[in-house]
Each structure stands twice: as C-alpha cells, then as structure tokens.
Novice: 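First the structure, then my questions, so here it is.
This is a predicted model, so every value here is computed, not measured. Below, read A as the first sequence line, B as the second, and so on, with proteins coming before strands; counting in each chain starts at 1.
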Amino acid sequence: MLSKERWERVETIYHDALQRAPETRHAFLDQACDGDGEVRREVDSLLSFDGQAEGFIETPAMEIAARALASGENSTSPPDSIKNIGPYQLLSQIGQGGSGDVYLAVDTRLDRKVALKLMAADFTGDTERISRFRQEARTTSTLNHPNIVTIFEIGEADNRHYIATEYVEGETLRARLASHFLETKETLSIATQLVDALAAAHDAGIIHRDIKPENIIVRRDGLVKVLDFGIAKLTSPNANAHADHLTTRTGMVLGTAAYMSPEQARGQKVDHRTDIFSVGVLLFEMLSGQKPFEGETWSDVMAAVLVKEPPRLDSIAPQVSAALRRIVERCLEKTPEKRFQSAADLGFALREFANSYATQQVKAAENVGLQTPPWQTSSIVWIAAVIAVLVLFAGGAWLSWRPWAKQEEKPATQPTKGPGSGAVTDTSNITQLTWLD
Amino acid sequence: MQTCSPNEITDLLLAWNSGEPTALERLAPLVDAELRRLARTYMRRERAGHTLQTTALINEAYVRLIDARKIRWQNRAHFYGLAARLMRRILVDFSRERNYQKRGGGAYQITFDERLAVTSTDNPDLLALDEALTELARVDERKAQVVEMRFFGGLTEKEAAIALGVAPETARRDWRLAKSWLLRKLSEKPRC
C-alpha cells in the first residue's frame, strides 16, 4: 500500500491530469510523477477507470435494492423462471438493449459462456418487436467474420424469445475513448478492423446503420468486435421483404444522431455508404477526442450533420497528418458519391496510410541523434520536438508549482505566476499548461 | 404491515448510536418495509409504462425513514453519517440474504470470479461493493465516508460535504477518485 504522503500525491496528480486535454496527459504525467514509477502506475491505473466510472454508483443503493426486489417479486418474471432459459443458465445481467436485456449465461450443453439476449416477457404479445428481435438475429447470423460477434442460436423457450451470441470480454470503444487518448496506431488498428467487418457485411448485402462507439467492443488483446446489427437492413435484391418494412418506414429515424449520415438523418433511403460516413465520425473522434458534429440538443446535432462542415481535423489534433486528414474528410462528405465508394476502398486507404505511418515512425526513431533538419523529416519528429519543449517547460512549471501540491483543500487557487512563467511567451503549442498563464 | 413514524425511527437510530443492542433489530424491518413499498411502486409504474421519477421516490423513502426536524438541535452532520452507515448495513444484509435465497441448494453456484467479472457499472453488486468500500476506508477513510453517505445514505454532494465539514469541491473530488478506485477494485480478478 502507498504511504499516506504518496497517496496524497497520487490524488493531486490524478485531479490535475483530469483537467488536461487527453493528448497532453501523457506528457503531464511524465513530469508530474517525476520518475516515481509507483505513483505513476497508480495514477495511470485510476485514470483508466475514470471514463468507465461515470454512471457507477450514481444510483443510490436503496434504489438498486428496491429494483432487485421489484424484479424478483414481479409475477410476470419471477427470478426462478428466468434462471434457466432452455439449455441456458443465466448468471447475471450485463446489458440492456432496445428490444431486450442481455445476460451472461452458460450453455449447459457445451459448458461455454454466452451472451444471451432475452426479449422482455412483457412484449411477448408484440409481434412487431418479436419480428424485429428475430430479424436482428437472422441478419447477424448470415455473417461470419472474426470482427463480427458470432450468433450461436436463435430460439424460444417458456414463451421467451432469445438470441445466444458469443460472449466478448472487453470494453466498449466508448469506455476506451473516455478513459484515455488513443494513439494513432491504436486508432488505425481499431478502424481497419471495423472497416473489415463492414466490408464483409456490405458484401453480404447488410448495412449496419448504427455504427457508434457503444457498438464496438475492443478486447484486451486489441481484437475488435462489432455488435448489434439490431437495425441493420438487408439490401441485396433477394433479401427478405419483411426486413425492409420493419426498418425503413418513411421518416423513421434510427441510430444515434452524432454518428448518422446526412441521408440517414433526413430519413431518406440509405445504402452502405451511410456506414462509411459513421466510420468517418468515429475516426474523427478517435483522433481528436471531439465529435465532428456537436450541438446542445438532438436536433442541433442533426442540423450540424446536415449542413455544417466539420472543423478542420488538424486544427484540433495537430498530430494528424494531411494524408490521414484527407481520408477522414472523404468519409465525412455530405453526398455519398463523394465518399469512399466501398468499405474495401476505405480499408485499403487506411492500410496504406498505416504502412507509411509505421515506416515513418521507424525512420523517425532512426533519425534521432542524426543531424537531419526536423522540419523536413516527418510530423513524428515535429511531435517529438513539441513534446520535448513541453517537458522542458512543464519541468520548470513542476518546480514552481510543487509547493502548492499539498494544498488539496483549495484546488481553485491555482498559482498564476511562477519563476518559470516568464519563459512562456508565444509558444502556442503549450497553451494546455494553463497554470502558467 | 408494520408502520412506524419517522419520529420513532429517529429515536431508534439515536439509540443504535448510543449502543442500544436491540435498536438495529427493530430498525431493519422498518427499512425493509420501506424498500418493499418502493419496489411495489416500481412494479406498478413499470407495468403501466410510466417513466419513473426515481429521485423523487428515493427522497420520499428517506424522508419517511428519517425525520430531519427531530434532529435540528442535534448534531445533524453526525446523524447523516449515522443514517448512511445504518442504510449500508441493512441494504448489504438484505442483498446477502437475497443472494442466498436465489442460489438455493443444488443450484448453479456463481463463483466469486464470475460475480466480479459481470458486475456492471450501472448495477453494482452491493456485497462486492461493501467489501471494496471497507478496503478503501483503509487507504483513505474520508473518501469511503463520502461514498457511504452518497451511495448508501442517499445524500447529495453538498449534504455529504456539510456532514463531513469539507468544501463541496473536496467532496466532489473525493467522490470522483473513490469511484475510479472502487470500480478498479471490483474489476480485479481475485487471487487464487
């Protein structure tokens, strides 16, 4: 266990790090922890949970207990009747979806863990919901791809409809985005896998239509799994007609506003290129930590998607090179004709960029110590230079700021002038170091 | 159905604090009754398809349990802390009892590992959380108190700050760090 003094230090650094933009945190932590590996590991580890902790314990315990009681005493779904569904033994609820709850369960025949999506008992009479629920399963089960969650079985037992899928242990991209800044390399890895999954789906005539960080799970080993083809629509000519009428009623707008393509936001007919737009939104967010289209309300976001041009990516994420920026911009074109015309094309462009990026990194590493003018080599050297400047100034700041570190009770009182502050005049790259104003 | 005025509950709570051994035994059924009333309200409204005003319901439950007027001249902060600790104890006992009943003899035994692996952030396991909170108290007692007051005691950030005699900003920071700490604890694989 950490000593009291070091725990206090962890606390101060943790809160200061949260005040900073994700992309500057790494450099900040380097200097703030000042070589204390134990403190650094503790802060890093706690920060990685901060993003996921948002909703955690925000519901009072009394309510959790009362709800548990309510679900147990509710005569329509007594706990014993949903402890077993057909061959599945339910262990615990792991999620809630539009059409039903998701449980971690064990398939007793094979003794393997599955995610069991169970349609709410109250809706067994709702034929539209049932069709939709089953359609989701049918749609996904036609796909067989390492980056798409596998469907094991669709069934009905004790009047409850269920879908059993592979159980993926990992965190959603939403949680990952919230907990830490994604490196370009990680972003490219996630994006190429996502695009591969979409290319396979599009080939099978299936559009996802709801690509968003909540629907992407990143496993610990980095493998990406795309979830929830819940509102996917079959587009091939021989696709089931009933699927069509369920999901494409005129004017029915599904999906999440910020990730929707303009044509989807209008409720118009969409094709596979709507997914390419959503990937563009995701790429933008992964690279900059910011969504390209934002607004106070749902309709403001929709309006932004329809008419506004996204901010220039390199204006908010200077590390993004021109080539990568153009890829993102091409995904985010308002008219589908101007975007990448297929997920495969987008995948090709991403891979090509990833290769040149990797080569650049190697070169940049080799160039360290050689006398190459930094401005001509690559953006990597640029970034390295900026970080070096950051560390230098931050180091100075740390020295001047340290005496305040223990005044944890008065976090609002930020020292505005320190001995090193005069040195920071017009270096726009370090504006994040706000305490040096 | 047992009924009891907030006045009596407050008296019992104060008796519990002064070491009266039977006070807890008499208090627990009252909290339990309130919990059941709350649960019934959830069921009724959920069946009717109404959106739940959960905050209002919870507040109502606490008001019914605790008569704040009674303790105006008492040490109010101390009382809040006490009420939170009591709620924690009763709710954790309640969860333990329910888990035990649910599993029953011969049923599939959920291993410790699985129980932790599937603790969702929205619906944490009260037993695991209680254990983690006890550990947090060893590292940083005030943070554990903030969680006890807010999560188990249903206090707002501001109320918890007043009760602990710290600035609201401090209570906010304590809460945020404690949440990450606890979530990490719950995500850890047990050593075995």
Novice: Decide yes or no on side-chain contact (heavy atoms from CB on, under 4.5 Å) for Val114(A) and Val106(A), but give the supporting numbers first.
Specialist: CA-CA 6 Å; Val114(A) 300; Val106(A) 171; over 6 Å; no
Novice: Using heavy-atom distances under 4.5 Å, tell me whether Leu182(B) contacts chain A through its side chain, its backbone, both, or neither.
Specialist: both
Novice: Could you tell me if Tyr103(A) and Gln89(A) have a donor-acceptor pair between their side chains, going purely by distance under 3.5 Å?
Specialist: no
Novice: Measure the CG-CD distance between Leu2(A) and Glu11(A) for me, rounded to the nearest 0.5 Å.
Specialist: 12.0 Å
Novice: Can you tell me if Arg25(A) uses its side chain to pair, donor with acceptor, with the backbone of Ala17(A) under 3.5 Å?
Specialist: yes
Novice: Would you mind checking which part of Val92(B) comes under 4.5 Å of any heavy atom in chain A, side chain (CB onward), backbone (N, CA, C, O), both or neither?
Specialist: neither
Novice: With only heavy atoms counted, which part of Leu177(B) is less than 4.5 Å from chain A, the side chain, the backbone, both or neither?
Specialist: both
Novice: Less than 6.0 angstrom from the centroid, inside 45 degrees of the normal: does Arg173(B) satisfy that with respect to the ring of Tyr14(A)?
Specialist: no
Novice: Identify which of His15(A), Lys4(A), Glu42(A) forms the greatest number of heavy-atom pairs closer than 4.5 Å to chain B.
Specialist: His15(A)
Novice: Less than 4.5 Å to any heavy atom of chain A: does that hold for the side chain of Arg88(B), its backbone, both, or neither?
Specialist: neither
